[in-house]
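Remarks on the structure that follows.
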Amino acid sequence: MESGVLGAWEFERGVDPGLAARVARDGGHEPDLTVIPVFSGGDELTVRVVGGAQTDPQALLYVAGYGVFEVTRVEEWPPVEGSHRPRVLLTLRACSSKATP
């Protein structure tokens, strides 16, 4: 992966965040998405999707180096000239590993 690009793994909403983190970190599966962090503050993280696609807007995402998050907002814009891929930003809120959100 290029510099600044991180893997993100998608998990069903009911999965325990601690289990999701362990499964993603074990390295046995390729990430579902690749993202670039745009903003991080408090328990929120905003990322730009640069590869893959989110399949379930209610899913949890494990972002490498950051942890497990729930998706709170999806913003989509038309593709830039010469591309067919829409531009997507995800706003994420950190999940506690003690309780499923």
Side-chain angles (χ1 to χ4, degrees):
M1 262 181 253
E2 65 183 78
S3 179
V5 176
L6 303 173
W9 290 259
E10 192 174 68
F11 293 90
E12 290 182 10
R13 181 71 168 217
V15 170
D16 176 72
L19 176 61
R22 286 190 298 278
V23 169
R25 286 191 305 249
D26 82 0
H29 303 293
E30 290 293 316
D32 298 301
L33 307 166
T34 51
V35 299
I36 296 175
V38 174
F39 170 81
S40 177
D43 66 348
E44 289 193 347
L45 176 66
T46 300
V47 297
R48 182 170 61 100
V49 177
V50 295
Q54 184 184 12
T55 60
D56 178 2
Q58 300 298 313
L60 298 179
L61 290 179
Y62 174 83
V63 180
Y66 285 90
V68 179
F69 295 85
E70 62 181 326
V71 178
T72 59
R73 184 173 179 166
V74 178
E75 298 176 62
E76 188 171 312
W77 291 278
V80 294
E81 190 174 324
S83 173
H84 299 288
R85 181 182 183 84
R87 295 172 289 161
V88 178
L89 281 183
L90 302 176
T91 301
L92 311 171
R93 182 174 52 214
C95 292
S96 166
S97 63
K98 296 179 182 170
T100 302

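- Ile36 and Leu89 fall into different hydrophobic clusters, where Ile, Leu, Val, Met, Phe, Trp and Tyr residues are linked whenever their side-chain heavy atoms come under 4.5 Å apart, directly or through other members.
- For Leu45 against Pro37, the heavy-atom pair with the smallest separation is CD1-CB, 4.3 Å.
- Between Leu6 and Ala64, the shortest heavy-atom distance links the atoms CD1-O, 3.5 Å.
- Hydrophobic clustering (side-chain heavy atoms under 4.5 Å, transitive across Ile, Leu, Val, Met, Phe, Trp, Tyr) keeps Val50 apart from Trp77.
- Around atom CD of Glu76, more than 12 heavy atoms belonging to other residues, nucleotides or ligands sit under 6.0 Å away.
- No side-chain donor-acceptor contact under 3.5 Å links Arg48 to the backbone of Val88.
- The main-chain N or O of Thr72 is never found under 3.5 Å from a side-chain atom of Thr91 such that the two would form a donor-acceptor pair.
- Between Val71 and Pro57, the closest heavy-atom pair is CB-O, 3.9 Å.
- The environment of CZ in Arg85 is crowded: more than 12 heavy-atom neighbours from other residues, nucleotides or ligands sit within 6.0 Å.
- With sequence neighbours excluded, no residue forms a side-chain hydrogen bond (donor to acceptor under 3.5 Å, both in side chains) with Gln54.
- Considering all non-hydrogen atoms of both residues, Leu60 and Pro17 come closest at CD1-CG, 4.4 Å.
- Using modelled atom types, no side-chain atom of Trp9 and backbone atom of Val23 make a donor-acceptor pair closer than 3.5 Å.
- Applying the side-chain hydrogen bond (donor to acceptor under 3.5 Å, both in side chains) criterion to Ser83, with sequence neighbours excluded, gives no partner residue.
- Closest non-hydrogen pair, Val68 versus Ala20, comes out as CG2-CB, 4.4 Å.
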Self-check item: Stepwise side-chain contact (heavy atoms from CB on, under 4.5 Å) test for Tyr66 and Leu92
Solution: CA-CA 11 Å; Tyr66 285 90; Leu92 311 171; over 6 Å; no
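- A continuous path of hydrophobic side-chain contacts links Val63 to Val74 [ILVMFWY only; heavy atoms under 4.5 Å].
- Side-chain atoms of Glu12 and Asp56, non-hydrogen and from C-beta on, never get closer than 4.5 Å to each other.
- Annotation: side chain of Thr46 is not in contact with side chain of Arg73 (no heavy-atom distance under 4.5 Å).
- Residues Asp32 and Thr55 have side chains not in contact (no heavy-atom distance under 4.5 Å, counting atoms from C-beta outward).
- Annotation: side chain of Cys95 is in contact with side chain of Glu70 (closest heavy-atom distance under 4.5 Å).
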